[in-house]
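Here the structure is laid out as structure tokens; the discussion comes afterwards.
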Amino acid sequence: MRLSQLQQQLAELRDNLGDHQQTAEFHQRIVMLHSSISGIANACDNVPDCQCAPKLADIVIQIVSFPSQFPDWGDIWGSQEWEDFHVDKLFGDIWDHLYKLHQLTAGIVGGRSDIILLYKMIQVCRSLSQLLGIDLQEAVSERLDTVSSHPPQNLVL
């Protein structure tokens, strides 16, 4: 699946959820993204057999849907697919990747320069999924199924 297709699915889901979907301003989205990153860190730290797939999927969903705030950006994902972000040789551990996600999130300012940060964030999430043994595309798909039937309070699309 192309990321642009996922972004379209998220937009349709947001429209279908209507009043059940939390809307957020730019700064709130940034804080929620940091919160989601901390959530996966907490899960990995406190659970011996880390079941982090839904939490990582939430982060990816937030990243992919982020450009919807800026319609003038157009389709930033183009023909990019999950496999375009596959990493053959992984460096660092889970904590290095979570730290990098926090750093990249802190750099988002609401301008076109954010596009490269969003790409890098997807790359880090893809690497993190490989470290955790998570099929990221499947995790996102399962999370979308759950969100569409039981919208969570803390996920901003």
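Atoms considered below: every heavy atom in the structure, side chains included; atoms not considered: hydrogens, waters and symmetry mates.
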- Task: Not counting sequence neighbours, which residues clear ring pair (Phe, Tyr, Trp, His ring centres under 6.0 Å) with W82? List them please.
- Result: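 With neighbours one apart ignored, the set is empty.
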What I'd like to find out is whether the side chain of [X] reaches to under 4.5 Å of the side chain of [Y], using heavy atoms alone.
X	Y	value
I59	M121	no
H97	I94	no
L6	L144	yes
R29	L33	no
E142	P54	no
N42	S38	no

- Query: What are the two closest heavy atoms between G39 and K55, and how far apart are they?
  - Reply: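 Nearest pair, atom of G39 first, then K55: O-CD, 3.6 Å.
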- Task: Sequence neighbours left out, what passes side chain to side chain contact (heavy atoms under 4.5 Å, CB included) with R112? Give chain and number order.
- Result: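 Listed in chain order: W73, I115.
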- Worked verdict on E83 versus R126 for salt bridge (Lys or Arg N to Asp or Glu O under 4.0 Å): CA-CA 9 Å; E83 284 306 310; R126 183 68 171 95; 2.9 Å; yes
- Message: Can you classify the ring geometry of F26 versus F70 as parallel (below 30°), tilted (30 to 60°) or perpendicular (above 60°)?
- Response: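 Geometry flag for F70 against F26: perpendicular rings.
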Determine whether the side chains of [X] and [Y] contain a donor N or O and an acceptor N or O closer than 3.5 Å.
X	Y	value
Q62	S36	yes
Q103	Y99	yes
E12	Q8	yes

